Chemist: 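Handing you this structure, nothing more for now.
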Amino acid sequence: MSDSIREKAIKAAEHFQFQGTIGECERYGNGHINDTFRIQCQDERGSCPYILQRVNRNVFQNPAGLMNNIDHVTKFLREKIVRQGGDPLRETLNLVPASDGTICYISEEGDYWRAYLFIEGATSFDAVKSPEDFYESGKAFGHFQGMLADYPASELCEVIPGFHNTPARFKAFRQAAEADAFGRAAECREEISW
C-alpha cells in the first residue's frame with residue numbers, strides 16, 4: 001500500500017467518532033472500487049475495530065447522494081431489525097458519524113470518507129465455490145429485499161444513472177454479442193442464447 005493513501009486514511013480516521021486511540025490502519029478486503037481500511041482503536045475496555053472507506057468519486061460521481069441513501073436505508077433496516085428482535089450490530093451496516101456529527105468526512109482534497117462498525121466474524125466471498133454458496137447468497141439477498149419491500153424508494157437518489165435499468169443492460173448485451181467486436185462470441189454461443 002502506498003504510504004500516501006495510508007497517511008490519508010489515518011488523517012481521515014482522526015475525523016470520526018471512533019472510541020479510543022487510533023492504532024493500526026491496514027488495507028482490508030479485496031474490493032476494487034473503494035479504498036477500504038480496517039482501523040483498530042484501543043481504549044480502557046480493549047480493542048475496537050472499524051472499517052474506513054474512501055469513496056471512489058470516479059465511479060460514484062454523486063457521493064453525497066450515495067451517503068444519503070446508505071444513511072436512510074441502514075436506519076430503516078436497523079429500526080425493523082430491532083422491532084423483530086434481531087441484532088442491528090450484526091444484521092445491517094452501522095455508520096460511524098464524523099466528528100462534526102455528519103455521516104461522512106470530506107477531506108481538503110474533496111474525498112468522501114465513510115466509517116462503519118466492524119462486524120466481527122462476518123464472511124464474504126469473492127467467488128462461489130459450491131451450490132450451497134449460491135443458495136445461501138440468494139437466501140440472504142431475498143431476505144434483504146424482503147426487509148426493504150416497504151421502503152419508500154422514491155426517497156432514494158439514483159447514484160449511477162441507468163445502473164439498475166435491466167432492459168437497457170439486456171439491450172446493450174444483445175448489441176455487444178451481435179457486434180462481437182473481439183471475435184469471442186462463437187466460444188460462448190450456448191451461454192449467449194441462454
Side-chain angles (χ1 to χ4, degrees), residues 1-126 136-137 140-141 143-144 147-148 151-152 155-157 159:
M1 166 179 22
S2 76
D3 285 338
S4 69
I5 185 61
R6 185 174 181 278
E7 289 168 12
K8 287 179 181 182
I10 292 169
K11 184 176 178 183
E14 294 169 357
H15 292 275
F16 284 91
Q17 295 179 27
F18 292 153
Q19 292 182 6
T21 305
I22 297 169
E24 296 176 30
C25 171
E26 302 296 332
R27 279 255 193 209
Y28 188 79
N30 298 317
H32 61 279
I33 296 174
N34 301 308
D35 293 313
T36 305
F37 300 86
R38 179 181 165 131
I39 303 292
Q40 199 71 37
C41 294
Q42 203 71 31
D43 68 10
E44 64 280 352
R45 292 170 292 171
S47 180
C48 189
Y50 298 92
I51 288 293
L52 177 70
Q53 285 186 319
R54 180 173 68 166
V55 176
N56 183 329
R57 289 184 295 158
N58 293 321
V59 173
F60 300 108
Q61 296 180 10
N62 180 0
L66 170 71
M67 291 308 302
N68 192 52
N69 287 353
I70 292 170
D71 184 44
H72 287 116
V73 167
T74 56
K75 283 179 180 172
F76 179 87
L77 289 172
R78 187 175 309 104
E79 289 174 12
K80 191 173 270 195
I81 291 164
V82 168
R83 280 196 312 271
Q84 294 176 353
D87 182 355
L89 295 178
R90 293 203 56 79
E91 296 178 46
T92 188
L93 295 173
N94 290 272
L95 284 168
V96 176
S99 299
D100 63 2
T102 59
I103 56 176
C104 61
Y105 163 68
I106 305 170
S107 71
E108 293 172 2
E109 297 91 5
D111 288 326
Y112 280 68
W113 292 85
R114 62 186 176 204
Y116 300 102
L117 296 177
F118 184 83
I119 303 173
E120 293 283 0
T123 56
S124 65
F125 300 94
D126 293 331
E136 290 300 328
S137 63
F141 186 69
H143 177 71
F144 176 72
M147 292 285 284
L148 290 174
Y151 183 84
E155 294 179 7
L156 294 173
C157 164
V159 179

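The first residue of the sequence shown is numbered 1, and numbering continues consecutively from there. Given the structure is predicted, the values throughout are model-derived calculations rather than measurements.
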Chemist: How far does CG of Asn94 sit from NZ of Lys75, to the nearest 0.5 angstrom?
Modeler: 11.5 Å

Chemist: Does the ring center of Phe118 lie less than 6.0 Å from the ring center of Tyr28?
Modeler: yes

Chemist: Using the side chain to side chain contact (heavy atoms under 4.5 Å, CB included) rule, take Met67 and Leu95 through it: C-alpha gap first, then chi angles, then the decisive distance, then the call.
Modeler: CA-CA 10 Å; Met67 291 308 302; Leu95 284 168; 3.9 Å; yes

Chemist: Would you give the length of the straight line joining atom CD1 of Ile39 to atom CD of Glu14, rounded to the nearest 0.5 angstrom?
Modeler: 10.0 Å

Chemist: Can you tell me how far CG of Asp71 sits from SG of Cys104, rounded to the nearest 0.5 angstrom?
Modeler: 9.5 Å

Chemist: Report yes or no: does Arg27 contribute a side-chain atom to a donor-acceptor pair with the main-chain N or O of Asp35 at less than 3.5 Å?
Modeler: no

Chemist: Under a 4.5 Å cut-off applied to non-hydrogen side-chain atoms, are Leu77 and Glu91 in contact?
Modeler: no

Chemist: Would you compute the distance between atom OH of Tyr112 and atom CG of Leu66 and round it to the nearest 0.5 angstrom?
Modeler: 10.0 Å

Chemist: Within this structure, what is the CD-SG distance for the pair Glu7 and Cys25, rounded to the nearest 0.5 Å?
Modeler: 10.5 Å

Chemist: Taking the side chain as every heavy atom from C-beta outward, state whether Val55 and Trp113 have any pair of such atoms under 4.5 Å apart.
Modeler: no

Chemist: Do any N or O atoms from the side chain of Asn69 and from the backbone of Cys157 form a donor-acceptor pair under 3.5 angstrom?
Modeler: yes

Chemist: Do Thr36 and Gln53 get their side chains close enough for a donor-acceptor pair, meaning under 3.5 Å?
Modeler: yes

Chemist: Is any side-chain heavy atom of Val96 closer than 4.5 Å to a side-chain heavy atom of Leu117?
Modeler: yes

Chemist: Taking all non-hydrogen atoms of both residues into account, name the closest pair between Ala12 and Leu52 and its distance.
Modeler: CB-CD2, 4.4 Å

Chemist: Please check this pair: side chain of Arg57 against backbone of Gly110, looking for a donor-acceptor N/O pair closer than 3.5 Å.
Modeler: yes

Chemist: Whether the side chain of Asp43 engages the backbone of Gln19 through a donor-acceptor N/O pair (distance < 3.5 Å, no angle test) should be reported.
Modeler: no

Chemist: So does Val159 get a backbone contact from the side chain of Asn62, meaning a donor-acceptor N/O pair under 3.5 Å?
Modeler: no

Chemist: Can a donor-acceptor pair be found, under 3.5 Å and without considering hydrogens, that links the side chain of Asp111 to the backbone of Arg54?
Modeler: no

Chemist: Could you tell me if the side chain of Ile10 sits less than 4.5 Å from the side chain of Phe37, heavy atoms only?
Modeler: no

Chemist: Using every non-hydrogen atom in the two residues, find where Asn34 and Asn56 come nearest and quote the distance to one decimal.
Modeler: OD1-N, 2.8 Å

Chemist: In the structure I gave you, are the side-chain heavy atoms of Val73 and Leu93 within less than 4.5 Å of one another anywhere?
Modeler: no

Chemist: Between the side chain of Gln17 and the main-chain N/O of Ala98, is any donor-acceptor distance below 3.5 Å?
Modeler: yes

Chemist: Mind listing the closest non-hydrogen atom pair of Pro88 and Val82 along with its distance?
Modeler: CG-CG2, 3.7 Å

Chemist: Once you measure the plane-to-plane angle for Tyr50 and Phe18, does it fall in the parallel (<30°), tilted (30-60°) or perpendicular (>60°) bin?
Modeler: parallel

Chemist: If every non-hydrogen atom of Met147 is compared with every non-hydrogen atom of Lys80, which pair is closest and at what distance?
Modeler: O-NZ, 2.8 Å

Chemist: Could you tell me the separation between the NE2 atom of His32 and the CG atom of Asp126, rounded to the nearest 0.5 Å?
Modeler: 10.0 Å

Chemist: Taking Arg38 for its side chain and Pro49 for its backbone only, find out whether a donor-acceptor pair lies under 3.5 Å.
Modeler: no

